[in-house]
Amino acid sequence: MKEVLASEIKQIVQELFGSKAKIVLTRPESKFGDFSTNVAMQLGRAPAENAAKIIEKLKRLDEVAEATIAGPGFINITLTDATLQSVISEVLDKKEAYGSNKIYDGKTIVAEYSDPNPFKVLHAGHLYTTLTGDVIANLLETAGANVKLVNFGGDVGLHVGTTMWAIIQELGGEHPEKLADIKTENRMQWVSEQYVKGTKAFEGNEAAKDEIRDINKRVYALHDTNDHESPFAQIYWTCRQWSYDGFNELYRSLRVAPFDKYYPESETTELGVETVQEGLKRGVFENSDGAVVLKGESAGLHTRVFITSEGLPTYETKDLGLALTKWQDYRFDLSIMITGNDIVEYMKVVQLALKSFQPEICERSKHITHGMLKLAGGIKMSSRKGNALLASDVLESAEKASKAHSNNDQQGTVLAAVKYAFLKQRIGGDIIYDPEESVSIAGNSGPYLQYAHARAMSILLKKPTPQVDYKLDVSERQLVRKISELPEVVEAAVNELMPHLVCTYLYELAQEFNSFYEANRVIGEPREDMRLTLINAYVTVLKNGLKLLGISAPDHM
RNA sequence: GUACCCGUAGCUCAGCUGGAUAGAGCGUUGGCUUGCGGAGCCAAAGGUCGUAGGUUCGAAUCCUGUCGGGUACACCA
């Protein structure tokens, strides 16, 4: 609808003024009309005269009911009811009213997010990126892409040495058989606790520090020799698997799409190291104090270590290996990585290194970064587990808050609350998460949208829904106008990879419906058939929108 | 110190390809139920868009300075 109108205006402007000005159509307040454009003001002097000429032609278009000039030279356009109304049947026929603009049709896109580390706790940030990544993947699929979901995590590195050290302490030596004593449901938790214990020892105890460093080397060595037999290796592989089991369990409970592939760091290290060594010969990297570094200063960046003076690869090298591995595996058109914004500068250095080997990867990469997740009111964190906010802290706080408003699908409501609370905010800044607000049915929340859906469904479930085509009345028109915005909203969300645009829209849509609902009866009214059709379209759009966000749309609550 | 990000209503946030009277939720105050789910709706009060300049017919939006907050800057990830 929008595109058609835009191209028609473009043609008019070209005929009248010979200008190839880009036509930007916006949605003004409803009192001004359905669309608004400022082209007349872009055409130089006398915007009013320009506008008048354009309006004259605009009025002759079939879709346009009214066109007026307003303010400093805006052209406000009101569509005919017939045109506007066509979205109802479009929505109902397609059942997937996401618009037809498949900008990624046939493209392969690799989306990397979540990225939890085995042998470590899941932080609130992991929760955030998991949920956001899932929605971004949905958006890309909507736009026609073949999306591959991948997950990167550190199964080697100092944190692993730290946890392994504490595990061995806990087991009283390298006794893998003792792991059997730990109950299945406690495994993930237990490993996380060992990490915290090890970290404390590393920070406060020189002897432990040396032992941890030594164990760290043994973990790398175990991969080099493909050791699955030694007691040490058995402990390692068992606990690593426990971590992955725990991650998958979390993803299941969050009802997000499963990952296509895990890339453990141990599997990207070799290629990373080879690449760094080749780069060292070519002068991309240099030796400095026994370490291999990339000096980024000439590019406005900073120096980072790729191989330590102990000869161990750092995260930088593994990330380099990861990028190359993803490229080998998928030959993607686009690679998206979602991480915290504390590593933007770091990532630039890795990209700088990458540029010397596979520049096309850099050209096709997009790094999306988000802020920190905090609990509103500075609610205390699980200090015994370290000083970071954990994924479980967030989920537990939401569950606790939701108990005040219990209903049928408690878990579904909690998920809706958390997901929506995260997603409604533009990606990038810090997020202050307020559990109470998120589960509240009042206000801009996931449960509000679910309720808005259930409420409308309760009407539809009482009557069979015909599909009719009456003339719209004033309040019906308001609702149809909002429904008609869906394709352009989804398009914008896809183009900019901003899920919050969908949230904002759905909230406005639900408000529009609730407002309509309050003022108009449906069942038993002369306009019953028309209104049932309209509500059916509304419910379809709301449900599809929520699905895009990974949020369920229950018929009852 | 250098670089990047962020400063919009009491609080949490939209708005940022420059455009009409800067919007929403929460909170506050006041209304609406012989009604399809009132877990709703309607309304009011509340803002020098951190600040000072610049560009422009027009700036919350672009540019520069400045203040405040956050993050990153060599062997952690």
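So you know, we letter chains A, B, ... as the sequences are listed, proteins then strands, and number each from 1. Note that the structure is a prediction, hence the values are computed from the model and not measured.
When the P atom is compared between B:A72 and B:U12, the two are found 22 Å apart, to the nearest whole Å. Nucleotides B:A45 and B:G58, compared at atom C1', are 30 Å apart to the nearest Å. Separation of the C1' atoms belonging to B:A9 and B:C5 is 24 Å when rounded to the nearest angstrom. Rounded to the nearest Å, the gap between the P atom of B:G65 and that of B:C26 is 41 Å. Between the P atoms of B:G27 and B:G18, the separation comes to 37 Å (whole Å). B:U61 sits 11 Å from B:G7 when the P atoms are compared, rounded to a whole Å.
For A:Glu476 (side chain) and A:Asp473 (main-chain N/O), a donor-acceptor pair under 3.5 Å exists by modelled atom type. Formation of a donor-acceptor pair under 3.5 Å by the A:Ser438 side chain with backbone atoms of A:Pro435 is found in this model. Remark: side-chain polar atoms of A:Gln450 are paired, donor with acceptor, to backbone N or O of A:Ser552 under 3.5 angstrom.
The distance between atom NE2 of A:His500 and atom P of B:G15, rounded to the nearest whole Å, is 4 Å. Between A:Glu112 atom CD and B:A77 atom C1' the separation is 13 Å, expressed in whole Å. As a whole-Å value, the separation of A:Gln511 CD from B:G23 P is 15 Å. Remark: P of B:C76 and CD of A:Glu203 are 13 Å apart, rounded to the nearest angstrom. With rounding to whole Å, A:Lys200 atom NZ is found 19 Å from B:C76 atom C1'. In this structure, CD of A:Glu316 is placed 11 Å from P of B:A74, rounded to the nearest angstrom. Here B:A14 presents its P atom at 11 Å from CG of A:Leu501, a figure rounded to the nearest Å. Rounded to an integer number of Å, the gap from A:Lys462 NZ to B:G35 C1' is 12 Å.
Stacking between A:Tyr448 and B:A39 is absent: the ring centroid is not both under 5.5 Å from the six-membered base ring centre and under 30° in plane angle.
Nucleotide B:G40 forms a pair with B:C32, judged by Watson-Crick or G-U wobble geometry with both contacts under 3.5 Å. For B:C73, the paired base is B:G1 (Watson-Crick or G-U wobble, both distances below 3.5 Å). Both distances falling under 3.5 Å, in either a Watson-Crick or a G-U wobble arrangement, place B:G65 opposite B:U51. As the counterpart of B:A60, no nucleotide is assigned, since no Watson-Crick or G-U wobble pattern has both distances under 3.5 Å. When Watson-Crick and G-U wobble pairs are counted only if both distances are under 3.5 Å, B:A9 pairs with no nucleotide at all.
A close approach under 4.0 Å does occur between a side-chain nitrogen or oxygen of A:Ser515 and OP1 or OP2 of B:C42. Taking side-chain N and O atoms only, A:Lys318 has a distance below 4.0 Å to OP1 or OP2 of B:A77. Dashed line: the shortest gap from a side-chain N or O of A:Thr308 to OP1 or OP2 of B:C75 is not under 4.0 Å. When the side-chain nitrogen and oxygen atoms of A:Arg426 are compared with OP1 and OP2 of B:G15, one or more of them lie within a distance under 4.0 Å.
Within 4.0 Å (heavy atoms only), A:Asp555 reaches at least one base atom of the nucleic acid. If you check every strand for non-hydrogen atoms under 4.0 Å, A:Pro47 touches nothing.
A salt bridge does not link A:Lys2 to A:Glu491: none of the charged side-chain nitrogens sits closer than 4.0 Å to a carboxylate oxygen.
One donor-acceptor pair, N or O on each side, does fall under 3.5 Å between the base of B:A74 and the side chain of A:Ser288. Scanning atom types as modelled, one donor and one acceptor separated by under 3.5 angstrom connect the side chain of A:Ser36 and the base of B:A20.
Within the 4.5 Å cutoff, the side chain of A:Tyr113 has no heavy atoms near those of the A:Ile368 side chain. A:Leu122 has its side chain within reach of A:Phe247: a pair of non-hydrogen atoms, C-beta onward, lies under 4.5 Å apart.
A:Asn514 and A:Tyr448 share a donor-acceptor pair across their side chains, judged by distance under 3.5 Å alone.
For an aromatic pair to be called close, the ring centres must be under 6.0 Å apart, and A:Phe422 with A:Tyr433 satisfies this.
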Protein N or O to nucleotides 67-72 of chain B N or O, pairs below 3.5 Å:
none

Exercise for review: Give the intermediate values and the outcome of salt bridge (Lys or Arg N to Asp or Glu O under 4.0 Å) for residues A:Lys318 and A:Glu265.
Suggested key: CA-CA 6 Å; A:Lys318 300 163 194 168; A:Glu265 281 183 8; 3.1 Å; yes

